[in-house]
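Right, one structure below, let's go through it.
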Amino acid sequence: MKINGKHQRTVWLAEDGFTVEILDQTKLPFSVEVIQLTSMKLAATAIREMWVRGAPLIGAVAAYGMALGMREDPSDANLQHCYDVLIATRPTAINLKWALDRTYSELRAQPSDQRQKVAYEKAVEIADEDVELCESIGEHGLSIIKQIAASKPQGQPVNILTHCNAGWLATVDWGTAISPIYKAHEAGINVHVWVDETRPRNQGLLTAFELGSHGVPHTLIADNAGGHLMQHGEVDLCIVGTDRTTAKGDVCNKIGTYLKALAAYDNKVPFYVALPSPTIDWTVYDGVKEIPIEQRSGEEQSHVNGIDPQGKLSWVNTAPSGTECGNYAFDVTPAKYVTGLITERGICSATEEALAEMFADLQQPEMA
Ligand code: MRU
């Protein structure tokens, strides 16, 4: 997608053919800065410290991390070491494991003198594939928005609520939940997006930045506003992303998603979840019981990033000093609250049967 009219991906290879470049998401939306990743260790730091974030993008950067690692040392021991370091960076988004398992099993089968080359090819393949999957999600999701638009009085926008950032910044390009919105906007449909701020990390600001860059009308709201808006008929549908979806359709996503799903259910607002198939964890059934929920530093709760009156990016404390802060990064929305899953192959209900039918051919990557 575009920043200042220029097409941009979130991760790409530099001209030297081995350095990996990313957008520093800790600086967005205030400034657009590129970071160069030159080692596997730096790629791991980028994921752990959320210089990059969003499940599909985490997977792609991990694959590039393996490539950087193979450039450093293509031995069996280092292959395992790279896998172990990268897999430990973030616990909830399953695309990380999916990308690492896929890369690891491919590299393991190669002689060590081929591993660097194959690792870079795999990383590029995973990144390109993510772009295709996300664009297809957009095309399928567009049909839902079209249908709602057709049912509304002429000239009235389709109001869509989203939580966190599941736009192109959370993937390699296009996004998951926001991809159908981009497609609808491109198709000339009048859409307006309610953007949840998404404390504590404020990923909603990334969504607002993206939508603003593309001219999609939107309004940033406090996380607590969604229920009120739904009660007053101001939300036609919700679309969110997911970091891990279970075999029976439970959806793990950014903290606060569950509360939005409950409000949507109570107000009969359709609640859709958009995901590429690598976000499905076929080994997990009951999301509430089985998905590990990342807990991050309390400082992300007590502090916020912002621009001070002098235009300087500042990390500001908002809590009484010494306050104990909890920072649960994700929650699980049980499948019964999900109207449908928007995937690259089409829309299906959030049930074990529908998922198994849609993805009957999917083989699980070999575990490392
Ligand atoms: O902690 P993050 O910013 O990596 O989490 C990302 C999310 O939870 C997003 O909501 C997104 O929907 C999942 S990735 C497309």
Side-chain angles (χ1 to χ4, degrees), residues 1 10-11 22-26 28-29 46-62 89-96 98-99 130-131 133-135 137-138 141 160-182 193 195-210 223 226 238-245 251-261 271-281 287 291-297 300-301 305 327-333 338 341-344:
M1 304 302 285
T10 51
V11 60
I22 55 167
L23 288 175
D24 182 355
Q25 300 204 18
T26 64
L28 288 172
I47 299 171
R48 193 183 316 104
E49 303 301 324
M50 292 174 70
W51 304 348
V52 289
R53 24 74 44 208
L57 177 57
I58 289 171
V61 173
T89 49
R90 293 194 70 190
T92 304
I94 199 64
N95 305 57
L96 174 67
W98 172 86
D130 182 64
V131 179
L133 299 184
C134 287
E135 185 168 9
I137 288 170
I160 304 168
L161 184 140
T162 193
H163 191 69
C164 193
N165 171 255
W168 71 271
L169 291 168
T171 64
V172 178
D173 207 348
W174 282 101
T176 56
I178 307 297
S179 184
I181 295 173
Y182 287 133
V193 186
V195 179
D196 282 355
E197 180 186 28
T198 318
R199 283 281 287 144
R201 292 278 305 211
N202 287 344
Q203 286 97 329
L205 303 184
L206 300 173
T207 304
F209 170 77
E210 282 192 23
D223 292 332
C238 302
I239 314 180
V240 299
T242 167
D243 295 79
R244 194 187 300 208
T245 292
V251 167
C252 183
N253 192 47
K254 184 53 55 192
I255 194 78
T257 303
Y258 171 49
L259 292 177
K260 292 299 134 73
F271 187 90
Y272 283 93
V273 180
L275 64 142
S277 52
T279 307
I280 304 167
D281 185 348
I291 297 180
I293 300 296
E294 179 178 13
Q295 289 188 49
R296 299 183 60 86
S297 157
E300 293 179 354
Q301 176 58 41
N305 240 348
N327 184 2
Y328 299 86
F330 300 95
D331 61 24
V332 174
T333 299
V338 177
L341 301 171
I342 309 170
T343 77
E344 74 271 17

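Each ligand, and each atom within it, is numbered from 1 in the order the structure gives.
Comment: Asp281 engages Arg244 in a salt bridge, judged by a side-chain N to carboxylate O separation of less than 4.0 angstrom.
Using a 3.5 Å distance cut-off with no hydrogens or angles, the side chains of Asn253 and Thr242 do not pair a donor with an acceptor.
At the shortest separation from atom 12 (O) of ligand 1 among protein heavy atoms lies Asn253 OD1, 3.0 Å. At the shortest separation from atom 5 (O) of ligand 1 among protein heavy atoms lies Lys254 CE, 3.4 Å. What sits closest to atom 14 (S) of ligand 1 on the protein, heavy atoms only, is Ala55 N, 3.2 Å. The protein heavy-atom contact nearest to atom 13 (C) of ligand 1 is Asp243 OD1, 3.3 Å.
Within the structure, the closest approach of Thr176 to ligand 1 falls below 4.0 Å when heavy atoms are considered. Within the 4.0 Å heavy-atom cutoff, Arg90 counts among the residues contacting ligand 1.
On a distance-only criterion, Gly54 and ligand 1 share at least one N/O pair closer than 3.5 Å.
In Thr279, neither the side chain nor the backbone holds a heavy atom less than 4.0 Å from any atom of ligand 1. Only the side chain of Met50 comes within 4.0 Å of ligand 1, judged by heavy-atom distances. Contacts of Gln203 with ligand 1, taken as heavy-atom pairs under 4.0 Å, involve the side chain alone. Under 4.0 Å from ligand 1, the heavy atoms of Pro56 that appear belong solely to its side chain. For Thr171, no heavy-atom contact with ligand 1 is shorter than 4.0 Å.
The side chain to side chain contact (heavy atoms under 4.5 Å, CB included) test with Cys252 singles out one residue from Thr333, Ile293, Ile94, and that residue is Ile293. Under the side chain to side chain contact (heavy atoms under 4.5 Å, CB included) test applied with Cys164, the options Arg201, Gln203, Glu197 reduce to a single match, Gln203.
Residues Asp331 and Thr257 approach most closely at OD2-N, 3.4 Å, considering heavy atoms. Here the closest non-hydrogen pair linking Gly241 and Val273 is O-CG1, 3.7 Å. In plain terms, the two heavy atoms of Ser179 and Gly138 that are nearest each other are OG-CA, 3.1 Å. In terms of heavy atoms, Gln25 sits closest to Thr10 at NE2-CG2, 4.3 Å.
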Would you check, one step at a time, whether the test side chain to side chain contact (heavy atoms under 4.5 Å, CB included) holds for Leu169 with Met1? CA-CA 9 Å; Leu169 291 168; Met1 304 302 285; over 6 Å; no

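The Thr242 neighbourhood of ligand 1 comprises atoms 12 (O), 13 (C), 14 (S), with distances under 4.0 Å to a heavy atom of that residue. Counting atoms of ligand 1 from 1 in the listed order, those under 4.0 Å from a heavy atom of Asn165 are 9 (C), 11 (C). Near Cys164, meaning under 4.0 Å from any of its heavy atoms, are these atoms of ligand 1: 6 (C), 7 (C), 8 (O), 9 (C), 10 (O).
Residues that satisfy the side chain to side chain contact (heavy atoms under 4.5 Å, CB included) test with Arg48, not counting sequence neighbours, are Ala44, Thr45, Thr89.
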